[in-house]
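Here is the structure we will look at, set down as structure tokens.
The figures that follow rest on heavy atoms only: side chains count, while hydrogens, waters and symmetry mates do not. All values reported here derive from a predicted model rather than from experimental measurement.
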Amino acid sequence: MKKVLLTNPCAPYDLGWGEDMMDLLASRLARGHDIANLKSHLPAWGLYLIAENIKNPATVLEHPRWEDFLKELENGYDVIGIQLKTINLERTVRMVEAIQKYSPKSEIVIGGYGVSALDAKLPGDVNDYAGWLKKAAHHLCREEGVKFMRRVLGDAPFDRPITQFHMPYARFHLPGMRAFDLNIPAILVSLGCPNACDFCNTSAFFKHKKIYVAEPQEVVSFMRHHKQKLGVDSLNVILFDEDIFLNTEYVRELGRLLRADRELWGIRWISFGSAKALAPFSGEELRECGVGGIWVGVESGLVDGDCGKEGFAKRDGGKAPPELFDDLHRHGIETIGSMILGFDFHTPENIEKDIDYFVALKPMFYQVGPLTPCPGTKLYEEFTRDGRLESNYSFQHFHLWKDDGIAYKHFGAGGIKKWFDVAHEKLRTINGPPTLQFAEMGLRAYETLRNHPSEYLRHQAEQSRQLAAGAMPLVRAIGKNPPSPRVLERVREIEALALRLMDPAPIALRVVGKVVELVATRQAQNNDRLERPPVVSDPGARWSFYNQGSGAPKRRGAFGRADKDTRSAGGTKTSWPFARRRVEPPVEPGRVRVEHDDDEHHVEGESDKKKR
């Protein structure tokens with residue numbers, strides 16, 4: 001039976017305008033809140049999903065250093081799959097070159113959304129890395145990955161059910177509180193989206209079709225498994241579906257199954273939804289279906305009622321974002337709002353108005369980034385046709401933290417970064433940290449649902465009250481060190497709402513809350529970030545071993561406690577991250593390595609030298 005290695009591009013990675021691109025919260029969804037910033041790690045779930053659903057012995061090696069990858073090649077794999085992110089195209093080419101040299105008999109499989117970029121001749125790809133990789137790979141995956149890999153391996157039957165019992169968890173924590181990770185399972189419901197927004201790479205990848213991977217009954221069985229494994233009463237679960245609410249019957253069946261089993265009443269799920277798809281649902285019904293959070297693509301407020309003409313018809317026919325967001329918040333449903341800067345209708349005169357519209361929605365989390373034409377999308381075709389791709393536009397531009405490479409209609413190079421900073425400053429000083437929105441939503445949900453005739457919704461109301469109460473010590477700490485007078489005013493409003501709605505907490509909880517408040521306040525007053533700011537993005541290598549002598553996969557490396565066995569696959573106790581082996585990054589020409597007192601390594605470039 002063929003032995004399989006599944007991996008992603010070698011670390012360390014670059015930062016995105018000063019933040020760790022691999023940290024979803026710090027770099028994107030909760031960017032810019034200093035001491036109140038949230039930290040996160042999200043696994044490369046696609047690799048683990050494939051490993052769980054093939055019969056072959058498989059090793060998942062995530063975020064390897066170069067030395068880790070070369071060492072792993074010595075194990076003689078028959079098939080090596082690499083998850084391609086376009087931004088890491090050159091790294092992937094180097095990895096394939098190493099496979100050809102050190103493991104020449106291995107079949108090479110390239111998958112991931114970055115595969116779509118291999119079909120385009122980007123002006124800045126002067127070395128033609130895309131063309132080289134396209135020829136070097138034995139297989140390119142342009143479809144759902146599990147069935148594809150089963151066919152590559154001859155692992156029949158190819159269409160047998162896909163399970164999701166052994167996926168590692170997303171981890172979220174407050175700065176300096178890594179030991180208290182919040183573990184969140186993720187379950188893949190479907191791939192692709194029929195909304196066909198002209199800028200959306202993931203929708204274009206699957207030709208604007210939706211491909212289901214799990215039925216509602218299967219999703220609930222996976223939820224139940226992870227809740228029992230973690231041993232918790234309440235659990236947030238991420239459901240990956242680019243617009244799950246397009247299928248109203250699916251969502252309502254999920255809700256029926258969750259309500260039918262009281263043991264599952266503590267589960268709240270988070271997914272993606274468009275205003276158009278959400279139109280049939282009220283906030284109350286969504287809460288009855290177990291919804292705890294929705295990522296809504298707002299994109300812009302300047303085109304209300306005419307979104308289809310601008311390439312995102314997913315907004316037409318639904319509630320206007322202000323009404324939609326308020327209804328969701330009133331029922332305790334967390335929101336992630338996304339906004340794009342640099343549409344052709346954006347000008348220096350109106351873009352701040354659009355930012356103000358978005359900030360006023362008070363999304364709990366948010367993604368603000370520049371318009372990016374990705375290969376395979378209608379937007380890319382238009383920019384190519386009109387000659388708006390600059391000569392340097394290449395794979396390095398496929399992320400949210402750049403504003404050059406394309407000709408924006410009304411902004412020159414560097415012009416979007418100014419408004420990116422303005423947007424995040426307004427989110428910081430008007431709305432404040434996500435903790436405030438979390439507490440306020442919980443209180444509003446309790447007020448809305450506490451006397452509801454439905455026992456299930458009364459249970460949800462009580463759960464919201466408890467979560468809000470748990471957040472209040474941090475709310476008070478923010479109030480003692482607010483980023484602006486407006487945020488202080490908001491803290492006082494939340495405190496007044498809590499005082500009106502909630503009885504005093506038991507003495508033990510008040511003591512614990514006071515300790516949390518004092519610690520957070522002290523750190524904020526000392527301007528102590530608790531965790532060192534990143535120099536490079538280095539999530540830490542991690543290994544998982546599937547179908548290698550045990551039922552559940554064995555793991556070692558930079559996993560959280562909930563993911564790891566007490567003993568690694570090699571039989572030795574895991575000591576990550578406190579006693580990890582440091583693998584030095586290669587030093588680029590013209591740079592020197594600087595050793596700091598904290599034993600962390602920093603690569604100093606010319607810009608660092610000039611500062612001194």
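- Between Phe420 and His424, the distance from one ring center to the other falls under 6.0 angstrom.
- Rounded to the nearest 0.5 angstrom, Thr377 OG1 and Phe205 CZ are separated by 13.5 Å.
- The local environment of CG in Asp233 is sparse, with at most 12 non-hydrogen atoms from other residues, nucleotides or ligands closer than 6.0 Å.
- For the residue pair Glu62/Tyr48, the side-chain donor-acceptor check at 3.5 Å is satisfied.
- Other residues, nucleotides and ligands contribute over 12 non-hydrogen atoms within 6.0 Å of the NZ atom of Lys276.
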Requested in this report: Kindly determine whether Trp295 and Ser338 satisfy side chain to side chain donor-acceptor pair (under 3.5 Å), including the steps that lead there.
Outcome: CA-CA 8 Å; Trp295 185 319; Ser338 52; 3.3 Å; yes
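- Taking a cutoff of 4.0 Å between a charged side-chain nitrogen and a carboxylate oxygen, Lys319 and Asp327 qualify as a salt bridge.
- None of Arg450, Arg287, Arg268 except one satisfies the side-chain hydrogen bond (donor to acceptor under 3.5 Å, both in side chains) rule with Ser464; the exception is Arg287.
- A salt bridge is absent between Glu455 and Arg458: the closest approach of a Lys/Arg side-chain nitrogen to an acidic carboxylate oxygen does not fall below 4.0 angstrom.
- Side-chain atoms of His329 and Gln437 form a donor-acceptor pair, as typed in the model, at a separation below 3.5 Å.
- Note on ring orientation: taking the six-membered ring where Trp is involved, the planes of His399 and Trp401 are parallel (angle under 30°, cut-offs 30° and 60°).
- With a 6.0 Å radius and a threshold of 12 heavy atoms from other residues, nucleotides or ligands, Gln217 has its CD atom above the threshold.
- A salt bridge does not link Lys353 to Asp356: none of the charged nitrogens lies less than 4.0 Å from a carboxylate oxygen.
- A salt bridge does not link Glu288 to Arg252: none of the charged nitrogens lies less than 4.0 Å from a carboxylate oxygen.
- With respect to the salt-bridge test (charged N to carboxylate O, under 4.0 angstrom), the residues Lys210 and Asp243 do not qualify.
- For the pair Arg28 and Glu19, the salt-bridge criterion is not met [side-chain N within less than 4.0 Å of a carboxylate O].
- Electrostatic pairing of Glu495 and Arg492 counts as a salt bridge here, judged by a charged N lying under 4.0 Å from a carboxylate O.
- Residues Glu263 and Arg224 are not paired through a salt bridge, judged by the lack of any N-O separation under 4.0 Å between the basic side chain and the carboxylate.
- Counting heavy atoms from C-beta outward, His41 and Pro539 have side chains that approach closer than 4.5 Å.
- Contact check on Arg256 versus Glu253 returns a salt bridge, with a Lys/Arg side-chain nitrogen under 4.0 Å from an Asp/Glu carboxylate oxygen.
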